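So the structure is just underneath, and the comments pick up after that.
Computed from a predicted structure; not experimentally measured. Here is the naming used below: chain letters follow the sequence lines, and residue numbers restart at 1 for every chain.
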2 protein chains.
Amino acid sequence: MELDDNGRQLLDQLFDKWSLLVLDALCDRPRRFNELRQHLPAVTPKSLTACLRRLERNGVIERVILSTEPVAVEYRISPLGRTLQAPLQTLLRWVGDHLNTVEASRSRYDQRRAGVAGETPQHVRAS
Amino acid sequence: MELDDNGRQLLDQLFDKWSLLVLDALCDRPRRFNELRQHLPAVTPKSLTACLRRLERNGVIERVILSTEPVAVEYRISPLGRTLQAPLQTLLRWVGDHLNTVEASRSRYDQRRAGVAGETPQHVRAS
DNA sequence: CAGTATCCCACAAGATACTG
DNA sequence: CAGTATCTTGTGGGATACTG
């Protein structure tokens, strides 16, 4: 499965810092801007806006202006975005299922690096 | 499916600029450093090293020193990494399958933005 | 061959304040 | 409420050169 430049770039946009969480939240149900802000831990309005615009541009979410009183804005997962749900879930599942394993691996790795006697690299030793 | 901070961070590390391509390449077969360099378009040794270390630390690949003459280094997918293959493929498939749709969506989005008369934003108009 | 070492810059993103 | 505007910093990553 070869992936070209465009593909990699798309993945970057779909999997940047907040996108995944946003997508996940919107797969559940439509949300308002400030709803999302609360849902995500400590995202600044600027970052959230950028993220939402990117996702909208890529067609996986929709920005809907509700003709309520007063006017409100709502973000929804798009049909295209919906087709991403399954792959996403699979991945999120994997991360959830293997977090402990990965943590363990990291500890082992760091241990090994710290423990290499006679060759202790400067950037590792001391405080 | 709620994803905590650790989970998001792990995803970041697994899906940074080069990791996916590396993982994909190594799922195919083990590779040497310079093999990977050639396989990936224009990656600098520094970036590749960083990427490989990260993946190794997370336990999804293994760095193997071959006792050949002269000594060589080889990178392999680990058993843990192998369990990522399926989810990864699913995702790569999705990207491949929907690249055109996404491109179209982007064009529409940009068109819409450029076409809003009477309100043309400075950062869009002119050269 | 398999990396390190430096220098540098672009850009993501945080903090904070302001607005239609 | 749903953002935009500035300012600033951290860091990923490119370019380039060097090394065991």
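Checking C:dG3, C:dA15, D:dG14 against every side-chain atom of B:P45, the shortest atom distance belongs to C:dG3. Relative to the side chain of B:R54, the nucleotides C:dG3, D:dG3, D:dG13 differ in distance, and D:dG13 lies closest. Closest to the B:N34 side chain, of the nucleotides C:dG3, D:dG14, C:dA2, is C:dA2.
No contact: A:R37 has no heavy atom under 4.0 Å from any strand. If you check every strand for non-hydrogen atoms under 4.0 Å, B:K17 touches sugar and phosphate atoms only.
Between the CG atom of A:L36 and the P atom of D:dA2 there is a distance of 10 Å, given to the nearest Å. Atom CD of B:Q9 and atom P of D:dG12 are 11 Å apart (whole Å). When the P atom of D:dC1 is taken as reference, atom CD of A:E74 falls 15 Å away, rounded to whole Å. Summarising the geometry, the separation between CZ on B:F15 and C1' on D:dG13 is reported as 20 Å, rounded to the nearest angstrom. Note: CD (A:E56) to P (D:dA2) measures 15 Å, nearest angstrom. Put simply, CD on A:E69 is 14 Å from P on D:dA2, counting in whole angstrom units. Atom-to-atom, CD1 of B:I65 to C1' of D:dG20 comes out at 13 Å; the value is rounded to the nearest Å. Rounding to whole angstrom units, CG of residue B:D16 and P of C:dA12 are separated by 15 Å.
Between B:T49 and the phosphate of C:dA2, there is no side-chain N or O to OP1/OP2 separation shorter than 4.0 Å. Listed pair A:R63 / D:dG3 meets the phosphate criterion, a side-chain N or O lying under 4.0 Å from OP1 or OP2. Put simply, B:Y75 has no side-chain N or O that comes within less than 4.0 Å of OP1 or OP2 on C:dC1. Side-chain nitrogen and oxygen atoms of B:R53 include none within less than 4.0 Å of the OP1 or OP2 phosphate oxygen of C:dA2. Look at A:R32 and you won't find any side-chain N or O under 4.0 angstrom from OP1 or OP2 of D:dG3. For the pair B:T44 and D:dG13, the criterion of a side-chain N or O lying under 4.0 Å from OP1 or OP2 is not met.
Every residue meeting the salt bridge (charged side-chain N to carboxylate O under 4.0 Å, His left out) condition with A:E74, not counting sequence neighbours, appears here in chain and number order: A:R76.
Side-chain contact of B:Q111 with B:R108: a donor-acceptor pair under 3.5 Å is absent, judged by distance alone.
The structure places CG of B:L88 at 7.5 Å from CG of A:L91, a figure rounded to the nearest 0.5 Å.
For D:dG14, the base has a donor-acceptor partner in the side chain of B:K46 [N/O atoms by modelled type, under 3.5 angstrom].
Contact of the B:V102 side chain with the B:V95 side chain is not registered, since no non-hydrogen atoms from C-beta on lie closer than 4.5 Å.
Side chain of B:N58 to backbone of B:R54: a donor-acceptor contact under 3.5 angstrom is found. The backbone N or O of B:T83 sits less than 3.5 Å from a side-chain atom of A:W94, completing a donor-acceptor pair.
Applying the Watson-Crick and G-U wobble criteria (two distances, each under 3.5 Å), D:dT11 pairs with C:dA10.
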